[in-house]
Amino acid sequence: MNTAALSGALFKEGEACGACFELRCVDDPQWLGHPTLHVTATDHCPPNPSLPNDNGGWCNPPLEHFDIAHPAFGQLAEEKSGIIPVEYRRVPCQKRGGIRFTILGNPWFIQVIVTNVAGAGDVKSVMVKGDKVPWTRMERDWGETWKTGVHELGKSLSFRVKASDGRYMTSMHVVPSDWQFGQTFEGRNFKTGRRSRRFKSGGKRRKDVGQL
């Protein structure tokens, strides 16, 4: 449940999906000293231009906002707080198991949802390879959903994932030839580094708010 929907300034039209962040409270004495919170970006928090940025339009541009899942918010502050100022930073994603590939679509095209990516967390590109055919670059559909019109039914599939930090991970023949739509398969994963960026602070846009 440690997930968050990010405003457009952070979600970057889906490119930041899967990235991990550490949040901590600032500028509010009643919440200082609470533990930090780690969340994974899994969705987009849409803007509401009919409301002002400081009264309901929390995800309006150019705000950098985290809309946090209810159970996770309680780890950072009490429910009554509602909107709180935070500092945040990108951190390596700690994941168990391998990268997961969920196959959707139909006989004419396939979609692959890539999840559980360790390390950088967010994916820059995905390539797929069927038996006896060359690697094909997939197109980002939205977030970490990738698609291709290349016919891959009845073929064993391999995937090559490029993370935002420039590293590649290849999972050969991770999908057997008798795969079906709706199935999820697990491949290799990145090793998790320990380097984290500094907390971002400063103006209101940098020390943005979490919300139930």
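Predicted model only: the values in this text are computed from it and were never measured.
- Contact annotation: the side chain of Tyr88 never approaches that of Val26 to less than 4.5 Å [non-hydrogen atoms, C-beta and beyond].
- Nearest heavy-atom pair, Ser164 versus Ala120, reported as atom, atom and distance to 0.1 Å: OG-CB, 3.5 Å.
- Interatomic distance, OG1 of Thr192 versus CD of Gln94, reported as 4.5 Å (0.5 Å rounding).
- Atom CZ of residue Arg167 and atom NZ of residue Lys162 lie 13.0 Å apart, to the nearest 0.5 angstrom.
- Follow the hydrophobic side-chain contacts under 4.5 Å out from Tyr168 and you never reach Val114; the two are in separate clusters.
- Nearest heavy atom pair, residue Cys17 against residue Glu144, reads O-OE2, 2.8 Å.
- Lys12 meets the side-chain contact (heavy atoms from CB on, under 4.5 Å) test with Glu15; sequence neighbours excluded.
- Residues Met138 and Val117 share a hydrophobic cluster, clusters being chains of Ile/Leu/Val/Met/Phe/Trp/Tyr side chains in contact below 4.5 Å.
- You'll find the side chain of Asp122 stays beyond 4.5 Å of the side chain of Cys20, heavy atoms only.
- Cluster annotation: Val123 is not connected to Trp142 through the hydrophobic network of ILVMFWY side chains, with a link wherever side-chain heavy atoms come within less than 4.5 Å.
- Linking ILVMFWY side-chain heavy atoms closer than 4.5 Å, directly or via other members, places Val86 and Phe11 in a single hydrophobic cluster.
- Atoms NZ and NZ, from Lys129 and Lys155 in turn, are 9.5 Å apart once rounded to the nearest 0.5 Å.
- Of all heavy-atom pairs between Phe181 and Ile110, the closest is CE2-CG2, 3.8 Å.
- Interatomic distance, CG of Asn2 versus CZ of Phe73, reported as 13.0 Å (0.5 Å rounding).
- Two residues are said to be in side-chain contact when any heavy atoms from C-beta on lie closer than 4.5 Å; Val175 and Phe159 meet this criterion.
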>> Does His38 form a side chain to side chain contact (heavy atoms under 4.5 Å, CB included) with Val91? I'd like the steps, not just the answer.
In response: CA-CA 8 Å; His38 289 77; Val91 293; 3.7 Å; yes
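- The two atoms that bring Ser156 and His173 nearest to each other are OG-ND1, 3.3 Å, heavy atoms only.
- Contact of the Cys25 side chain with the Leu76 side chain is registered, since non-hydrogen atoms from C-beta on lie closer than 4.5 Å.
- Below 30°, between 30° and 60°, or above 60°: for Phe66 and Phe21 the angle between ring planes is above 60°, a perpendicular geometry.
- Put simply, the side chain of Asn48 never gets that close to the backbone of Gly57: no donor and acceptor are under 3.5 Å apart.
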>> Applying side chain to side chain contact (heavy atoms under 4.5 Å, CB included) to Glu152 and Val128, what does each step give before you reach the verdict?
In response: CA-CA 9 Å; Glu152 301 288 9; Val128 61; 4.0 Å; yes
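- Put simply, the side chain of Ser7 never gets that close to the backbone of Cys59: no donor and acceptor are under 3.5 Å apart.
- Here the side chains of Pro61 and Pro47 are in contact, with some heavy-atom distance below 4.5 Å.
- Of all heavy-atom pairs spanning Ile103 and Trp179, the tightest one is CG2-CZ3, 3.5 Å.
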> ring pair (Phe, Tyr, Trp, His ring centres under 6.0 Å) between Phe185 and Phe101: does it pass, once the steps are laid out?
Replying inline: CA-CA 5 Å; Phe185 302 92; Phe101 304 93; 8.9 Å; no
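- Hydrophobic clustering (side-chain heavy atoms under 4.5 Å, transitive across Ile, Leu, Val, Met, Phe, Trp, Tyr) groups Leu153 together with Val112.
- Checking side-chain atoms of Asp67 against main-chain N and O of Leu6 turns up no donor-acceptor pair under 3.5 Å.
- Of the candidates Arg96, Lys95, Glu186, Asn116 forms a side-chain contact (heavy atoms from CB on, under 4.5 Å) with just one, namely Lys95.
- In this structure, Ser171 contributes its side chain and Ser158 its backbone to no donor-acceptor pair below 3.5 Å.
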>> For a side-chain hydrogen bond (donor to acceptor under 3.5 Å, both in side chains) check, start with the C-alpha distance between Thr170 and Arg160, then their side-chain angles and the critical distance, and finish with the verdict.
In response: CA-CA 4 Å; Thr170 302; Arg160 179 169 293 160; 2.9 Å; yes
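- Residues Glu22 and Val39 fail the side-chain proximity criterion, which asks for heavy atoms closer than 4.5 Å.
- Rounding to the nearest 0.5 Å places CZ of Arg24 at 4.5 Å from CD of Glu87.
- Between Lys147 and Asp141 the shortest side-chain heavy-atom distance falls below 4.5 Å.
- The closest side-chain heavy-atom distance from Val150 to Phe109 is not below 4.5 Å.
- Note: Asp131 CG to Leu157 CG = 8.0 Å, rounded to the nearest 0.5 Å.
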